[in-house]
Amino acid sequence: MLLHLSTWQEVEHYLQTNQGIIIPIGSTEQHGPTGLIGTDAICAEAIAKGVGEATNSLVGPTINVGMALHHTAFPGTMSLRPSTLIQVIIDYLTCLTEAGFTRYFFINGHGGNIATLKAAFSETYYQLSQLKIAQAAQVHCQVGNWFMCRSVYQKAKELYGDQEGSHATPSEVALTQYVYPDSIKNAPLSADVGSGYPIYGAADFRAHYPDGRMGSNPALATPEHGKEFYELAVKELSESYLKFLEAD
């Protein structure tokens, strides 16, 4: 079930037996010469829908814009400040908790969201307690980063080795090719690609990673690989989500 395609009566009925909801979160940021700007949100959304179907669980609307300030020197990138994203998550979860949800499983497609998500969870627990919402003490949040799933990581290493890199990777590009085969991009890629530089501000990032890639070779991506990554991520995250629901 997708929350935005449900009625309030359907959600009320769902909550009688299940207080969990899956929330995809990604980013709207550059992904090199051949990666879609929506890559991180596309991947998270597709996998979240798959997990929702596999576990018969509600999937909330995708948070498409994440924390990507270091990518803003590239046209098309949009970002929320960490403080803004934290407040968005607090507001989202406050509404859902008042409705009766208590288990929030974020399927994340962007490494830059991880620290902010963890901070947002802490702030949410505090906020719900301060508001004295009845079920505040039962609220638990967890993040599942699809690209960090053991099976996904192993498959990426098997297919691409060191050319997987850490941004605009062939694995994530492959997944978008599987989801949107009519939007596959082709462009010349330089053999020289930046790698290993720490991340500071946007101008510094573009100076060290001029085409947006970080040690990656997305030319290796194929839609067939994307299907493999999708199936591996859905299987592993479905198992994680069900364990999360069952945990005290």
Residue pairs, two or more places apart or on separate chains, that pass salt bridge (charged side-chain N to carboxylate O under 4.0 Å, His left out) and touch residues 92-113 = none

ask   = What closest approach, in Å, do Ser166 and Thr169 show between heavy atoms, and which atom pair accounts for it?
value = C-CG2, 3.7 Å

query = Does a sphere of radius 6.0 Å around OH in Tyr180 hold more than 12 heavy atoms from other residues, nucleotides or ligands, not counting ones at 6.0 Å or beyond?
reply = no

task = Give me the other members of the hydrophobic cluster that Leu189 sits in, counting Ile, Leu, Val, Met, Phe, Trp and Tyr linked by side-chain heavy atoms under 4.5 Å, directly or via other members.
result = none

Side-chain donor or acceptor of His4 paired with backbone N/O of Leu2 under 3.5 Å = no

ask   = Excluding sequence neighbours, so at least two apart, what forms side-chain contact (heavy atoms from CB on, under 4.5 Å) with Ala174?
value = Tyr160, Ala221, His225, Phe229

request  = Taking Arg213 for its side chain and Ser216 for its backbone only, find out whether a donor-acceptor pair lies under 3.5 Å.
outcome  = yes

query = Do Leu237 and Phe105 touch side chain to side chain, with heavy atoms closer than 4.5 Å?
reply = yes

request  = Return the set of residues passing side-chain contact (heavy atoms from CB on, under 4.5 Å) with Lys235 (not counting sequence neighbours), or none when no residue passes.
outcome  = Glu239

key: Nearest non-hydrogen partners of Leu3 and Pro61, listed with the distance   = CD2-CD, 3.9 Å

note = Scanning both residues in full, the closest heavy-atom pair of Leu85 with Val65 reads CD1-O, 4.3 Å

ask   = Could you give the distance from CG (Asn18) to CG (Leu245), rounded to the nearest 0.5 Å?
value = 5.5 Å

message = Could you measure the distance from the CZ atom of Phe147 to the NE2 atom of His167? Nearest 0.5 Å is fine.
response = 11.5 Å

query = Passes side chain to side chain contact (heavy atoms under 4.5 Å, CB included), Ile89 versus Tyr104? Steps please.
reply = CA-CA 11 Å; Ile89 291 168; Tyr104 302 105; over 6 Å; no

ask   = Is Thr176 close to Ser183 at the side-chain level, that is, under 4.5 Å between some pair of heavy atoms?
value = no

ask   = Counting only heavy atoms not in Lys157, do more than 12 sit closer than 6.0 Å to its NZ atom?
value = yes

query = Just wondering, do Ile86 and Thr116 contact through their side chains at under 4.5 Å, heavy atoms?
reply = yes

query = Say you draw a straight line from NZ of Lys49 to OG1 of Thr62; how long is it, rounded to the nearest 0.5 Å?
reply = 7.0 Å

ask   = Does a donor on one side chain sit under 3.5 Å from an acceptor on the other, for Tyr92 and Thr124?
value = no

message = Measuring from atom CG of Asn64 to atom CD of Glu45, what distance do you get when rounded to the nearest 0.5 angstrom?
response = 6.5 Å

ask   = Rounded to the nearest 0.5 Å, how far apart are OH of Tyr241 and CD1 of Ile21?
value = 8.0 Å

ask   = Can Tyr230 and Trp146 be said to form a side chain to side chain contact (heavy atoms under 4.5 Å, CB included), step by step?
value = CA-CA 9 Å; Tyr230 169 81; Trp146 80 266; over 6 Å; no

ask   = Glu29 and Asp40: side chain to side chain contact (heavy atoms under 4.5 Å, CB included), yes or no, with the steps?
value = CA-CA 8 Å; Glu29 65 185 46; Asp40 291 342; 3.3 Å; yes

message = Could you go through Ile25 and His110, starting from their C-alpha distance and side-chain angles, then the distance that decides it, and tell me whether this counts as side chain to side chain contact (heavy atoms under 4.5 Å, CB included)?
response = CA-CA 8 Å; Ile25 181 169; His110 174 48; over 6 Å; no

inquiry  = Under the salt bridge (Lys or Arg N to Asp or Glu O under 4.0 Å) test against Lys155, which residue among Glu164, Glu224, Glu228, Glu236 passes?
reply    = Glu228

inquiry  = I'd like to check the side-chain contact (heavy atoms from CB on, under 4.5 Å) partners of Glu10; sequence neighbours left out, ordered by chain and number.
reply    = Met1, Ser6, Thr7

inquiry  = Just verifying a value: how many Å separate Ile42 CD1 and Ser27 OG, rounded to the nearest 0.5 Å?
reply    = 11.5 Å

task = Taking all heavy atoms of Gly76 and all of Thr28, pick out the closest pair and write down the distance.
result = O-CG2, 4.0 Å

task = Would you name the heavy atoms of Gly112 and Met67 that are closest together and state the gap between them?
result = O-CB, 3.7 Å

inquiry  = Quick one: does any side-chain atom of Thr94 pair with a main-chain N or O of Ile90 as donor and acceptor, under 3.5 Å?
reply    = yes

request  = Specify the closest pair of heavy atoms between Phe121 and Val143, including all atoms of both residues, with the distance to one decimal.
outcome  = CE1-N, 4.1 Å

ask   = Side chains of His208 and Asp204: does their closest heavy-atom pair fall under 4.5 Å?
value = yes

inquiry  = Whether the side chain of Ser79 engages the backbone of Leu69 through a donor-acceptor N/O pair (distance < 3.5 Å, no angle test) should be reported.
reply    = yes

ask   = Can you get from Val139 to Leu131 by hopping between Ile, Leu, Val, Met, Phe, Trp and Tyr side chains that sit under 4.5 Å apart?
value = yes

message = Using a 4.5 Å cut-off between side-chain heavy atoms of Ile, Leu, Val, Met, Phe, Trp and Tyr, which other residues end up in the same hydrophobic cluster as Ile199?
response = Phe74, Tyr197, Phe205, Tyr209, Met214

ask   = Distance-only, no hydrogens or angles: does the Glu172 side chain make a donor-acceptor pair with backbone N or O of Ala168 under 3.5 Å?
value = yes

